[in-house]
Amino acid sequence: MNKVIIIWGVILIVFFESCVLPLNQEWVGLNAVNTSNDSILIYLARGHQWSPTVYPDTLLPKDTYVGEINLPHTNDSISGYLVPLAPHDTTCVELSLIYCDDWKHGMLDKFFADFPKITSWFFISADSVEKYGYDYVATHNIILARYDLTTSDMKYLNMMIPYPPTEGMKGMKIWMSKNNGNSGASGNSEKDQKGSWGPVFQY
């Protein structure tokens with residue numbers, strides 16, 4: 001009986017030790033906070049297999065099904081991911097385990113090492129995707145907002161990217177749909193979007 005207890009004790013010790021991160025490693029997250037009253041979806045243009053577009057391509061991806069993910073309440077799929085975010089809630093959009101040579105020194109630089117110089121954030125109405133389907137939303141560019149943020153911008157915001165934008169984002173490249181992302185907000189390029197789009201805090 002004592003041998004069984006000892007064996008189980010050893011197993012539990014090994015298990016719990018395996019769950020503890022080694023020194024100089026830490027999880028780093030890039031988060032989004034939704035202060036609006038609407039459910040939204042977020043697409044982060046990172047230029048990898050799960051988010052194939054990258055700035056200066058400022059359109060949502062379509063017909064590039066590298067990894068097929070089904071969207072809720074629709075028959076559509078997207079190559080990449082849409083991160084759902086409820087009203088007045090916060091979610092993690094990107095998470096990485098970072099090894100730091102000198103504790104936390106340079107941790108964010110390592111986190112952003114494979115990010116593009118500018119990362120586009122797309123904020124989409126969950127209602128629009130449910131009503132029209134993702135393919136239609138992507139083709140007609142029916143989005144609430146797009147932020148084109150540098151890594152310095154995201155660090156300045158303390159890794160918490162707000163929607164809608166705040167006064168603290170002045171000087172950053174932010175475009176908002178003037179009709180709040182409803183079906184009239186269409187256009188397949190920034191040139192096409194004139195009249196229904198405008199920079200918010202870009203100076």
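Here the structure is a predicted model, which is why all the values come from computation and not from measurement.
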Criterion side chain to side chain contact (heavy atoms under 4.5 Å, CB included) on L144 and S177, from CA distance to verdict
CA-CA 5 Å; L144 299 168; S177 171; 5.7 Å; no

Please round to the nearest 0.5 Å and tell me the distance separating atom [atom1] of [X] and atom [atom2] of [Y].
X    : Y    : atom1 : atom2 : value
M159 : N31  : CE    : CG    : 7.5 Å
D153 : I118 : CG    : CD1   : 8.5 Å
T119 : M154 : OG1   : CE    : 4.0 Å
L82  : I124 : CG    : CD1   : 5.0 Å
D148 : T58  : CG    : OG1   : 7.0 Å
N34  : S39  : CG    : OG    : 7.5 Å

Would K155 and F112 count as a side chain to side chain contact (heavy atoms under 4.5 Å, CB included) here? Give the steps.
CA-CA 10 Å; K155 290 177 185 177; F112 286 118; 3.9 Å; yes

Donor-acceptor under 3.5 Å (D109 side chain, G106 main chain):
no

Quick one: do [X] and [Y] end up in the same hydrophobic cluster if we chain Ile, Leu, Val, Met, Phe, Trp and Tyr together by side-chain heavy atoms under 4.5 Å apart?
X    : Y    : result
V83  : L149 : yes
Y132 : I143 : yes
V28  : I161 : yes

Test side chain to side chain contact (heavy atoms under 4.5 Å, CB included) on W121 and I42; report intermediate values, then the result.
CA-CA 7 Å; W121 290 68; I42 300 168; 3.8 Å; yes

Mind listing the closest non-hydrogen atom pair of [X] and [Y] along with its distance?
X    : Y    : answer
Y156 : G168 : CE2-O, 3.3 Å
M176 : P165 : SD-CD, 3.7 Å
V93  : A32  : CG2-CB, 3.8 Å

Does the cation-pi check pass for R146 over F123, that is, NZ or CZ under 6.0 Å from the six-membered ring centre and within 45° of its axis?
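Not flagged: R146 not positioned over aromatic ring of F123.
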
Hey, are the side chains of [X] and [Y] touching, using non-hydrogen atoms and a 4.5 Å cut-off?
X    : Y    : result
M169 : P162 : yes
Y134 : L41  : no
P164 : T35  : yes
Y136 : K131 : no
L30  : F115 : yes
L157 : M172 : yes
F111 : S96  : yes

Under 6.0 Å between ring centres: does that hold for Y163 and Y147?
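No: the rings miss the under 6.0 Å criterion.
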
Side-chain donor-acceptor contact under 3.5 Å, T53 with Y43:
yes

Take R46 and V54 through the side chain to side chain contact (heavy atoms under 4.5 Å, CB included) test and state the conclusion after the steps.
CA-CA 6 Å; R46 287 270 280 106; V54 67; over 6 Å; no

